[in-house]
Amino acid sequence: MAVPMESQLQSIFEDVVVGDRFDERTKLVSCLGAFRQYWSTLPQESHDQCVQWIVRFIHSQHSPKRISFLYDCLAMAVETSLLPPRMVCQALMSSDSLEWERTQLWALTFKLIRKIIGGVDYKGVRDLLKAVMDKIQTVPNFMSSAVVQQLLAAREVVEYILDRNACLLPAYFAVTEIRKLYPEGMLSHWLLGSLISDFVDSFRPTARINSICGRCNLLPVVNNSGAICNSWKLDPTTLRFPLRGMLPYDKDLFEPQTGLLRYVLEQPYSRDMVCNMLGLNKQTLNIAQHKQRCPVLEDQLVDLVVYAMERSETEEQFDDGGTSQLLWQHLSSQLIFFVLFQFASFPHMVLSLHQKLAGRGLIKGRDHLMWVLLQFISGSIQKNALADFLPVMKLFDLLYPEKECIPVPDINKPQSTHAFAMTCIWIHLNRKAQNDNSKLQIPIPHSLKLHHDLPMTDYKIALLCNAYSTNSECFTLPMGVLVETIYGNGSMRITLPGTNCMASGSVTPLPMNLLDSLTVHAKMSLIHSIATRVIKLAHAKTSLALAPALVETYSRLLVYMEIESLGIKGFISQLLPNVFKSHAWGILHTLLEMFSYRMHHIQPHYRVQLLSHLHSLAAVPQTNQNQLHLCVESTALRLITALGSSEVQPQFTRFLNDPKTVLSAESEELNRALILTLARATHVTDFFTGSDSIQGTWCKDILQTIMNSAIKFAFFKQNNVPQESRFNLKKNVEEEYRKWKSMTVENDIITHFSMQGSPPLFLCLLWKMLLETDHINQIGFRVLERIGARALVAHVRTFADFLVYEFSTSAGGQQLNKCIEILNDMVWKYNIVTLDRLILCLAMRSHEGNEAQVCYFIIQLLLLKPNDFRNRVSDFVKENAPEHWLQSDWHTKHMTYHKKYPEKLYFEGLAEQVNPPIQLHLQYLPIYFGNVCLRFLPVFDIVIHRFLELLPVSKSLETLLDHLGGLYKFHDRPVTYLYNTLHYYERHLRDRTNLKRKLVHAIMSSLKDNRTPGWCLSETYLKCAMNPRDDNVWIPDDTYYCKSPGPFPNCDWRFNEFPNPAAHALHVTCVELMALAVPGKDVGNALLNVVLKSQPLVPRENITAWMNAIGLVITALPEPYWIVLHDRIVSVISSAVLSSETEWVGYPFQLLDFTACHRSYSEMHCSYILALAHAVWHHSSIGQLSLIPKFLSEVLKPIVKTEFQLLYVYHLVGPFLQRFQQERTRCMLEIGVAFYEMLQAVDQHSKHLAYMDPICDFLYHIKYMFTGDSVKDQVERIICSLRPAMRLRLRFITHISKMEPAAAASTATSVPQSSSVSSPI
């Protein structure tokens, strides 16, 4: 095939080239005629080959005249539509003969391309641009000026391609190719001169439209709901922001964001966020090919260590290590995690440390540093090569330059273990060298000789454990001593609360100081030893309970994140199942108590996993005993109500396939608590805000399961029981009571009233017996026993409804007193039902109107009228402190309290009162921490919320808070509870300022003796807002809002309700702002004014840090507080500066660049609003951001008429399209359409558009980076209605050629294209 083609083409072209009989024109016509005839016979697949041959033929000519003539032939062939222009251009550019040395061929070739490129489609033009620029790159930097003129023909082609008025391709395609060839910081080829840089600069406005103002200065609060979104992601190799498109963003956005990563790494409990930011997945630990070593993370960890060394150098030495001790503790935890999961390399980090510390003379923190390194070395040296750890010796030479022996520290102090860290490291390295039979000898350095030869005392056990944890011969003895001190001597026994409950005799737990002095490896051995011991005892089914010291020490060990796998993970996935399998109910009860009262910062997936375990556990026959059933239900209630708002959705999504795992098949109260938690979480995180059409499947599926489950009848039918059923209940109780009185055979009575399926009315009958006879007989006790703990809950529910009916119809006065006295006796005298369970049932009933008030009235009477509960609360609050981790005598106080107020969970009071009294032979399960006051706390949380929902009972709630608010001293998360309450019930509390103040005062003042001053509420608030007169409400001035909170006292964050200082600061600030007797709208505006007004307390140079703080605070407040930002945006867009074209002075993109303008003192109000809006929206949840589409289409669209207004809106919303695409695509598409609709309005309103190119570039960016063809149908008609110049620029979005509008409009109804995002790359 090739030979005939070549010969035929040769005959066509050579004849013309060689012959000179005819003039040029005749030759051209003749040549083209012959070629046309041949071309028509050529199959389609040979066209490329044919054109390439022609180009080769032309390039083989040496006469410029012939080349010129043949190029004329090609040009005419293209102009007469004989040859496709793209094919010709590609053949010309791919020719090997096209070299800059052949200057005339070069010039003629590019002139031809310039002539015919107009007919090439836009994707072909993009490919040609790349090819032309690649060819230009071959031109050397030094050459004769004589040939430059010829070479400039190539530049002219590029110039024509980049000419926006020619519009050969979307300029967005062109800038993409240019930026690929010439990335940020690289100069273009000299031949192209300023052509490329000017063109790239024309995209700076588009880049700015897509940039968040001051983004590099915005910082998150770790573990806040906003911190888990995509806003904080970084590239794991470069630490740069993942910017969309090849745009010339501002230089600082291309920089590695080391400051952001460092800031996050510094925060306690930040490791999950670091993994999320860098896309590190710890699941790949055991997959060798997926090792994710992250050098940038290594660098930042090393820098943090250097920073800690600097801090230690300037800080005074304290016995407890001072504030830097917390930093070293945290560093140790971070290092172990990231090195363990192979995200960082230990030897690399040690060498880097050596390099950065060399010559610095920083030695005051050296012991702490060696302590941190010892943590990892002791735990991993057995599994890794000795060579990995030898760089530590290099570090030793640097940090321990002493020639003399280093003095021995006072080993009565826990910090002394740090001073011995280097000696311990040496012992581990030596042991490893011996075990490996290594020839390497590491003699003890002379400076450590005294440390090594020390006769150990006091902290010797910790020191021995640390030094010899890899040497089993030497390790067994000190670890054995440690373990024995908490196991208790088998012969010594002590009593626990309840009857017949004995435990091993050790009551003093290991102090936190000692546990902190153990290396991670030693702690792991200790916790493993404890867990093994507990499992062994569970298998042995011993009746002797665990020693209180053991239980408390185990609880303390579970706080260490570094030992998570043996700690909480082992607790949930190994210990609990083993104990359950062994039916060791006493130990199970102990473990649940630990979880309820001693656990801190447990990751949410473990808590939800435990909740699932508890629901399975509740169905097992053996748990149908009063004490264990109460404990299981109480623990489940704590787990549900304690779920953080940002934790609910991610965790519950995991259970979509089987939502029953988070639902109780038995307890209506637990499922109602779950619904209240779901409602609170979705409100506080604004998850469903602005998402009417979004299917919140994770939430709906759980609610659907509740509706379809076995408890459907109890849960929903009873919620809205018609009024007459109350009378039916009364009638049924009367009927059952008649049966009770008429039946005579004891066994028949017991069988009838305790039978499964019989109406759950027995507590109502007991009530009637007490009301009428003031006495319950022995049969009543037997029936209660037979009913069982699980079934009795249904009786308590019916009793709660019955009580409401009884009290509603009570005559008041004497009869009411009698009613409450009987009810109190049922709880405290006869021990028929526990107070916490009865109150929970009453609080969770769904009464309306008057009956709801009666229900809450009963709750109030139960809690306050008799002294029983108030005395218990008062004594418990007075005698105990919540800082259990600092106490060594908790058990003593616990027993004292239980002796004064014993728990009776098996109807003991009733057994004593019946005639004759019944002797009970009970063995209580061990109680180490709990009592009725602590069990009541989560119930009290719910009671407060239920009371808030009903306006008439406000005064009752205030009374409850006065008498029982002190209990919040023992709440796990008092500030979080207050924050959630004020946030969720904002509408209810808006006009009830006294109640709001009372709520804040009751909870915060309960903690005043256990917190340092200033830990929560500001001095100004305490002075002015806590006790104001009703007629003189305090309205804070601007100064109040400008004062930053804190500084907050340093504390051990391991036992704090918040994971770090920033999370604490954010929540207490929000609590105080919500507690003000000022409408949310006014508070929101005052917060915005902190930066929008000139404030003496807000320094200009830190303005973005203040905007960051306002963004964090305002987005953590309810909607009325942050929605005021929308009003400010509207006022700016409506202002004369943007709405009147004559008012505007200067280049809009420059004036909207807040950072540059701020530096030059030329910022305007509109740029301040823009920067502040970006800071707020950057911290917003996706729910809050979801209001933007509606805001654009309903509020802004009608007022946007000028080009400046349009550009302002694009600047405002453009940077958030990436997040919408990742988290809520529907909103992104709605915004895309709104942008075009606004453009249409501006186009119709404005005579002249000065910034068409940046507008079009931005719209192309949206198409290629976000929407693809998804909005094509909606925007085609809009584009076709625009002015011709705009239509021409946007024609590639609709794939319409340079058509007339009418023709284009008809095309707009064609079949929609694929919605995938097409890339310009």
Side-chain angles (χ1 to χ4, degrees), residues 378 411-412 414 416-417 420 424 454-496 501-560 563 566-567 570-571 574-575 578-579 584 586-587 590-591 594 598 884-885 887-892 894-895 926 928-929:
S378 62
I411 58 170
N412 294 314
S416 61
T417 50
F420 285 93
C424 294
L454 177 76
M456 304 263 179
T457 55
D458 296 316
Y459 270 85
K460 68 176 180 182
I461 295 170
L463 288 169
L464 286 168
C465 289
N466 295 345
Y468 297 103
S469 60
T470 55
N471 182 340
S472 53
E473 298 149 31
C474 304
F475 183 58
T476 314
L477 179 64
M479 182 51 70
V481 171
L482 212 52
V483 163
E484 281 311 310
T485 58
I486 54 170
Y487 283 177
N489 189 321
S491 58
M492 185 185 163
R493 301 186 176 192
I494 54 165
T495 56
L496 290 179
C501 188
M502 304 297 290
S504 296
S506 181
V507 296
T508 308
L510 296 180
M512 284 303 297
N513 269 347
L514 179 62
L515 296 179
D516 285 342
S517 300
L518 293 172
T519 61
V520 169
H521 195 223
K523 281 197 275 272
M524 286 171 84
S525 298
L526 179 57
I527 201 167
H528 176 70
S529 174
I530 291 173
T532 311
R533 168 89 170 206
V534 172
I535 290 172
K536 189 176 163 189
L537 290 171
H539 287 324
K541 293 190 168 54
T542 174
S543 60
L544 191 65
L546 302 173
L550 172 71
V551 177
E552 189 82 73
T553 302
Y554 186 26
S555 305
R556 290 176 180 183
L557 282 166
L558 288 173
V559 87
Y560 293 97
I563 55 174
L566 284 174
F571 180 95
Q574 290 173 336
L575 188 57
N578 260 302
V579 167
I587 294 177
T590 303
L591 298 179
M594 279 170 59
R598 287 295 185 267
H884 56 84
W885 58 96
Q887 297 166 7
S888 57
D889 61 344
W890 163 261
H891 181 73
T892 311
H894 174 66
M895 287 307 299
Y928 296 92
F929 310 119

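For the pair Leu518 and Lys523, the tightest heavy-atom approach, listed with the atom from each and the gap, is O-NZ, 2.8 Å. Counting all heavy atoms, side chain and backbone alike, Met524 lies closest to Ile563 at CG-CG2, 3.1 Å.
For the atom pair Thr508 OG1 and Trp890 CH2, the distance stands at 15.0 Å (nearest 0.5 Å). Between the CG atom in Leu482 and the CG atom in Leu515 there is a gap of 8.0 Å [rounded to 0.5 Å]. The CG atom of Leu566 lies 11.0 Å from the CG atom of Leu526; values are rounded to the nearest 0.5 Å. Arg493 contributes atom CZ, which lies 7.5 Å from atom OG of Ser504 (distance to the nearest 0.5 angstrom).
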| query | Does the side-chain contact (heavy atoms from CB on, under 4.5 Å) test come out yes or no for Val507 and Met895, once each step is laid out? | reply | CA-CA 11 Å; Val507 296; Met895 287 307 299; over 6 Å; no
| request: Take Met594 and Leu558 through the test side-chain contact (heavy atoms from CB on, under 4.5 Å) and record every step on the way to the result. | output: CA-CA 10 Å; Met594 279 170 59; Leu558 288 173; 3.8 Å; yes
| field | Stepwise side-chain contact (heavy atoms from CB on, under 4.5 Å) test for His894 and Leu496 | value | CA-CA 9 Å; His894 174 66; Leu496 290 179; 5.8 Å; no
| request: Could you walk me through whether Ile494 and Met502 pass side-chain contact (heavy atoms from CB on, under 4.5 Å), step by step? | output: CA-CA 6 Å; Ile494 54 165; Met502 304 297 290; over 6 Å; no
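Contact of the Asp516 side chain with the Tyr560 side chain is registered, since non-hydrogen atoms from C-beta on lie closer than 4.5 Å. Using a 4.5 Å heavy-atom cutoff, the side chains of Thr590 and Val534 are not in contact. Under the 4.5 Å side-chain criterion, counting only non-hydrogen atoms from C-beta, Thr532 is not in contact with Ile535.
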Using a 3.5 Å cut-off and no angle test, enumerate the donor-acceptor pairs between side-chain atoms of residues 546-557 and protein atoms at least two apart in sequence or in another chain.
from: Glu552; atom 1: OE2; to: Arg598; atom 2: NE; distance (Å): 2.7
from: Thr553; atom 1: OG1; to: Leu510; atom 2: N; distance (Å): 3.1
from: Thr553; atom 1: OG1; to: Ala549; atom 2: O; distance (Å): 2.7
from: Ser555; atom 1: OG; to: Val551; atom 2: O; distance (Å): 2.8
from: Arg556; atom 1: NH1; to: Leu510; atom 2: O; distance (Å): 3.0
from: Arg556; atom 1: NH2; to: His884; atom 2: O; distance (Å): 2.9
from: Arg556; atom 1: NH2; to: Gln887; atom 2: O; distance (Å): 2.6

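Ser529 places no side-chain N or O within 3.5 Å of a backbone atom of Ser525 that could act as its donor or acceptor partner. At distances below 3.5 Å, at least one donor-acceptor pair connects side-chain atoms of Ser506 with backbone N or O atoms of Thr485.
The neighbour count for Lys536 NZ, taken as heavy atoms of other residues, nucleotides or ligands under 6.0 Å away, does not exceed 12. Counting non-hydrogen atoms of neighbouring residues, nucleotides and ligands closer than 6.0 angstrom, the NE2 atom of His539 exceeds 12 such neighbours.
Aromatic ring pairs are classed by plane angle as parallel below 30°, tilted from 30° to 60° and perpendicular above 60°; the pair His521 and Phe475 is parallel.
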